[in-house]
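The structure displayed is predicted, hence computed values, not measured ones.
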Amino acid sequence: ERIAQQRMLPADSLEVIKFLCKDVWQELFGKPIDKLQTNHRGVFVLKDDDFKWLERHSGSESQFQKAASQLLNFPCGLIRGALENLGINSLVSADFSPEEAGRSDTRPTAFHVRIR
């Protein structure tokens, strides 16, 4: 809310998502989102190529996948709550693919936002 109070936000969902990717993500995670994709029909994919919350993990890959899927519920809720406060009703989910990364120490994560 503090970030949004400093700016006049448009009602257009694309502009609100851009605000989320640049300003809100920077405030929450110390960097903007790496890539934003859309189909221009209310579906957006926010990609973070190195999501720090998934960085430190010990144990097997199956243990990591279970823990990561639970951990990603929180940033999904942050995104959904931020959009809701900005007047956009949405569904948010996340997935991660360490195979897409060139290095095993990065955890590319995609947040899927569907505007209702």
Side-chain angles (χ1 to χ4, degrees):
E1 289 182 20
R2 178 177 47 89
I3 301 166
Q5 289 174 350
Q6 299 170 1
R7 297 181 56 177
M8 184 69 166
L9 294 174
D12 178 32
S13 60
L14 177 59
E15 292 302 316
V16 172
I17 294 287
K18 286 180 183 178
F19 168 73
L20 177 82
C21 290
K22 293 178 184 175
D23 299 324
V24 175
W25 208 261
Q26 174 73 37
E27 189 73 23
L28 292 173
F29 301 107
K31 69 181 202 86
I33 218 66
D34 293 310
K35 188 175 186 180
L36 169 63
Q37 295 176 312
T38 181
N39 67 357
H40 299 287
R41 294 185 188 138
V43 177
F44 300 90
V45 180
L46 290 63
K47 293 188 176 182
D48 190 328
D49 292 334
D50 191 15
F51 193 61
K52 297 295 182 191
W53 288 13
L54 301 181
E55 192 173 78
R56 297 175 190 208
H57 176 74
S58 60
S60 70
E61 190 64 26
S62 64
Q63 288 174 326
F64 168 74
Q65 289 181 358
K66 182 178 179 185
S69 64
Q70 293 172 348
L71 179 74
L72 289 174
N73 287 332
F74 186 73
C76 287
L78 289 174
I79 294 168
R80 185 169 180 230
L83 291 173
E84 188 73 31
N85 281 331
L86 296 170
I88 296 179
N89 193 3
S90 63
L91 295 172
V92 182
S93 61
D95 60 33
F96 58 94
S97 322
E99 305 83 35
E100 289 181 14
R103 306 180 338 244
S104 62
D105 61 336
T106 62
R107 300 290 183 177
T109 306
F111 296 90
H112 305 271
V113 178
R114 179 179 294 275
I115 306 297
R116 291 192 213 173

Q: Are Leu46 and Leu14 co-members of a hydrophobic cluster defined by side-chain heavy atoms under 4.5 Å apart?
A: yes

Q: Nearest 0.5 Å, please: how far is CZ in Phe64 from CG in Leu54?
A: 4.5 Å

Q: Would you compute the distance between atom CG of Leu20 and atom CD1 of Ile79 and round it to the nearest 0.5 angstrom?
A: 6.0 Å

Q: Heavy atoms only: give me the nearest Ser93-Cys76 pair and the separation to one decimal.
A: C-SG, 3.6 Å

Q: Holding to salt bridge (charged side-chain N to carboxylate O under 4.0 Å, His left out), I want the full list of residues that pass it with Asp34, two or more places apart in sequence or in another chain.
A: Lys31

Q: Taking side-chain hydrogen bond (donor to acceptor under 3.5 Å, both in side chains) as the definition, give me every residue that meets it alongside Lys35, ordered by chain and number, with sequence neighbours left out.
A: none

Q: Are there more than 12 heavy atoms of other residues, nucleotides or ligands under 6.0 Å from atom CZ of Arg116?
A: yes

Q: For the pair Arg80 (side chain) and Ser90 (backbone), establish whether a donor and an acceptor sit closer than 3.5 Å, ignoring hydrogens and angles.
A: yes

Q: Using the test side-chain hydrogen bond (donor to acceptor under 3.5 Å, both in side chains), find all partners of Lys22 that sit at least two apart in sequence or belong to another chain.
A: none

Q: If you round to the nearest 0.5 Å, how far is CG of Leu36 from SG of Cys21?
A: 4.5 Å

Q: Treating Ile, Leu, Val, Met, Phe, Trp and Tyr as nodes and any side-chain heavy-atom pair under 4.5 angstrom as an edge, say whether Val43 and Ile115 lie in one connected cluster.
A: no

Q: When hydrophobic residues are tied together by side-chain contacts of less than 4.5 Å, even through go-betweens, does Leu91 share a cluster with Val16?
A: no

Q: Which heavy atom of Val45 sits nearest to which heavy atom of Ala110, and what is that distance?
A: CG1-CB, 4.0 Å

Q: Kindly compute the distance separating CG (Asp23) from CD1 (Ile33), expressed to the nearest 0.5 Å.
A: 12.5 Å

Q: Sequence neighbours left out, what passes side-chain hydrogen bond (donor to acceptor under 3.5 Å, both in side chains) with Gln37? Give chain and number order.
A: Lys47

Q: Ile17 and side chain to side chain contact (heavy atoms under 4.5 Å, CB included): which single residue from Thr38, Leu86, Leu83 fits?
A: Leu83

Q: By salt bridge (charged side-chain N to carboxylate O under 4.0 Å, His left out), which residues pair with Lys18, not counting sequence neighbours?
A: Glu15

Q: Residues in ring-ring contact (aromatic ring centres under 6.0 Å, His included) with Phe29, at least two apart?
A: Trp25, Phe51, Trp53

Q: To the nearest 0.5 Å, what is the distance between CZ (Phe111) and CG (Asp95)?
A: 9.0 Å

Q: Please report the closest heavy-atom contact between Ser69 and Phe96, naming both atoms and the distance.
A: N-CE2, 4.1 Å

